[in-house]
> 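I'd like to ask some things about the structure below.
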Amino acid sequence: MRGPGWIRGLREEEARRLRREIDRLELDLIKAANSKAKCNLHEVAHTLRWQKARLQRLEECLAAMPAGKAGSGQS
């Protein structure tokens, strides 16, 4: 049966994906701000704020989770 260590691993992977997405969105925001057509700027900024808030909630969740047991064979 899968335990808390497995769930923590899933959440950590989700946090890594979110960080990569945030990095991409920040680059997109810079590109949108520098482009002559700024129609995409608002959408990118909104998505970036939403993803950062989501990452913050996920990091708070991870901080509250107990660390996996050492030597249990599960990560």
Side-chain angles (χ1 to χ4, degrees):
M1 204 151 112
R2 295 179 176 152
W6 177 75
I7 294 169
R8 183 177 182 85
L10 288 177
R11 297 298 173 247
E12 288 172 344
E13 177 57 31
E14 184 179 358
R16 284 190 289 275
R17 280 192 309 250
L18 272 173
R19 287 185 192 101
R20 286 191 300 268
E21 175 71 8
I22 288 169
D23 289 343
R24 185 190 63 77
L25 285 167
E26 287 174 340
L27 291 174
D28 289 350
L29 186 64
I30 292 168
K31 289 176 190 173
N34 290 332
S35 73
K36 291 183 181 180
K38 298 194 187 279
C39 60
N40 197 27
L41 185 62
H42 179 74
E43 181 181 336
V44 173
H46 174 74
T47 304
L48 180 59
R49 281 191 303 269
W50 183 75
Q51 293 291 44
K52 282 185 173 184
R54 189 171 161 211
L55 178 60
Q56 181 181 359
R57 287 190 307 270
L58 184 58
E59 288 174 338
E60 289 169 0
C61 176
L62 281 168
M65 284 183 159
K69 293 180 182 177
S72 66
Q74 293 179 343
S75 301

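Below, all heavy atoms of this structure are taken into account, side chains as well, without hydrogens, waters or symmetry copies. Throughout, residue positions are numbered sequentially from 1 according to the sequence presented.
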> Supply the atom-to-atom distance Asn40 CG to Asp28 CG, rounded to the nearest 0.5 angstrom.
7.5 Å

> As an exercise, state the distance from CG of Leu25 to CD of Glu43, rounded to the nearest 0.5 Å.
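One gets 10.0 Å once the value is rounded to the nearest 0.5 Å.
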
> Hey, are the side chains of Glu60 and Gln56 touching, using non-hydrogen atoms and a 4.5 Å cut-off?
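Answer yes - side chains close enough.
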
> State plainly whether one hydrophobic cluster holds both Leu41 and Leu27, where clusters connect Ile, Leu, Val, Met, Phe, Trp and Tyr through side-chain heavy atoms under 4.5 angstrom apart.
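Different clusters: Leu41 never reaches Leu27 through Ile, Leu, Val, Met, Phe, Trp or Tyr contacts under 4.5 Å.
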
> Return the minimal non-hydrogen interatomic distance between Arg11 and Leu62, and the atom names on each side.
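Shortest heavy-atom separation between Arg11 and Leu62 comes out as CB-CD2, 3.5 Å.
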
> Glu59 and side chain to side chain contact (heavy atoms under 4.5 Å, CB included): which single residue from Glu12, Arg19, Arg54 fits?
Arg19

> If every non-hydrogen atom of Ile22 is compared with every non-hydrogen atom of Leu55, which pair is closest and at what distance?
CD1-CD2, 3.6 Å

> Side chains of Glu26 and Gln51: closer than 4.5 Å at any heavy-atom pair?
no

> Taking 4.0 angstrom as the limit, do Glu14 and Arg17 come out as a salt bridge?
no

> Roughly how far, to the nearest 0.5 Å, is the OG1 atom of Thr47 from the CD atom of Glu21?
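Output value for this atom pair is 8.0 Å.
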
> Can you hop from Leu10 to Met65 via hydrophobic side chains spaced under 4.5 Å?
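In one cluster: yes.
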
